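What follows is a single structure, written as structure tokens, with notes after it.
This is a predicted model, so every value here is computed, not measured. All residue numbers in this chain count up from 1 along the given sequence.
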Amino acid sequence: MSETDRIPAAQLPPGTVGRAGRWAVGNRDGEYFAVSRRCRHQLADLSEGTLDADGCLVCPWHQARYDVRTGDMVEGPRGFLGYHGPTPGYTQLVRGYAKVLRLRVKRALRRGDDVVVEA
């Protein structure tokens, strides 16, 4: 484990996401998770994303949604580059390659005052 693969637990109250090295780390209803930080759509930093009511990680750029337990994209992006809106054919294409290029998933645990990503 790298020293940077940790984040103070105080920075992760329930429903929030933060950065721990190469990982987007969050608190999903009291359970910590860690997934790779780059969205499979246009490489947005998922540590700047949000958690929705279903506990999915939502990309800050075009709202692609990810299941943090599996790394699967459960809903494709809603836009491209600076455009925000419907892109039906393009969204299906992105979801198709995201099945192969899922987010990496690691276990994140509370250790003392920190949440750490297991190696």
Side-chain angles (χ1 to χ4, degrees):
M1 171 183 60
S2 165
E3 286 301 312
T4 60
D5 293 342
R6 63 180 62 235
I7 185 172
Q11 293 180 16
L12 286 177
T16 61
V17 182
R19 178 184 307 175
R22 298 173 298 155
W23 304 96
V25 178
N27 183 338
R28 184 178 186 255
D29 297 326
E31 292 183 33
Y32 296 108
F33 67 85
V35 296
S36 46
R37 277 187 29 214
R38 296 295 168 193
C39 180
R40 297 312 187 227
H41 174 223
Q42 289 184 314
L43 304 178
D45 188 344
L46 294 173
S47 71
E48 297 174 4
T50 58
L51 291 175
D52 67 12
D54 296 325
C56 289
L57 178 57
V58 181
C59 175
W61 287 2
H62 297 106
Q63 292 72 53
R65 296 174 59 237
Y66 292 92
D67 183 328
V68 297
R69 296 166 295 184
T70 65
D72 290 332
M73 181 185 284
V74 296
E75 186 175 353
R78 297 181 188 157
F80 178 75
L81 296 175
Y83 169 72
H84 293 263
T87 55
Y90 177 72
T91 297
Q92 294 308 318
L93 172 69
V94 172
R95 286 198 63 201
Y97 72 70
K99 288 179 183 178
V100 176
L101 299 172
R102 292 188 314 222
L103 297 179
R104 290 174 293 145
V105 177
K106 290 278 189 167
R107 201 166 141 190
L109 300 168
R110 174 93 185 240
R111 292 215 177 114
D113 293 334
D114 293 334
V115 175
V116 298
V117 179
E118 285 195 331

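- Using a 4.0 Å cut-off between charged side-chain N and carboxylate O, Glu31 and Arg110 make no salt bridge.
- Nearest heavy atoms, Val117 versus Ala20: CG2-CB, 4.3 Å.
- Across all their heavy atoms, Ala108 and Val115 have their closest contact at CB-CG1, 4.0 Å.
- Counting only heavy atoms from C-beta outward, the side chains of Tyr32 and Leu109 never approach each other to under 4.5 Å.
- To the nearest 0.5 angstrom, Gln42 atom CD is 6.5 Å from Trp61 atom CH2.
- Between Arg37 and Glu48, none of the side-chain N atoms (NZ, or NE/NH1/NH2) sits under 4.0 Å from a carboxylate O, so this pair counts as no salt bridge.
- No more than 12 heavy atoms of other residues, nucleotides or ligands lie within 6.0 Å of CZ in Arg102, so this atom counts as exposed by the packing criterion.
- Of all heavy-atom pairs between Ile7 and Arg19, the closest is CD1-O, 3.6 Å.
- Proximity of a side-chain donor or acceptor of Ser36 to a complementary backbone N or O of Arg104 within less than 3.5 Å is detected.
- Side chains of Val25 and Val17 form no contact here, defined as non-hydrogen atoms less than 4.5 Å apart.
- Taking every heavy atom of both residues into account, Asp54 and Asp52 meet most closely at N-OD1, 2.9 Å.
- With contacts defined as side-chain heavy-atom distances shorter than 4.5 Å, the pair Gln63/Glu75 does not qualify.
- Counting heavy atoms from C-beta on, the side chains of Tyr66 and Asp72 never come closer than 4.5 Å.
- For Arg28 (side chain) and Gly26 (main-chain N/O), no donor-acceptor pair under 3.5 Å exists by modelled atom type.
- In terms of heavy-atom proximity, Cys39 sits nearest to Cys59 at SG-SG, 3.8 Å.
- Without hydrogens or angle criteria, Asp45 side chain to Ser47 main chain gives a donor-acceptor distance under 3.5 Å.
- Not one N or O on the side chain of Arg40 forms a donor-acceptor pair closer than 3.5 Å with the backbone of Met73.
- Rounding to the nearest 0.5 Å gives a distance of 9.0 Å between NZ of Lys106 and CD of Glu118.
- Closest of all the heavy-atom pairs between Val68 and Leu57 is CG1-CB, 3.7 Å.
- Arg6 contributes no side-chain N or O that, together with a main-chain N or O of Val116, makes up a donor-acceptor pair within less than 3.5 Å.
- One hydrophobic cluster, built from ILVMFWY side chains closer than 4.5 Å, cannot hold both Val35 and Val58; they sit in different ones.
- Between the CZ atom of Arg38 and the CG atom of Leu101 there is a distance of 15.5 Å, given to the nearest 0.5 Å.
- Here the CZ-CG distance, from Phe33 to Leu51, works out to 4.5 Å after rounding to the nearest 0.5 Å.
- Atom CG of Leu46 sits about 6.0 Å away from atom CG of Leu103, to the nearest 0.5 Å.
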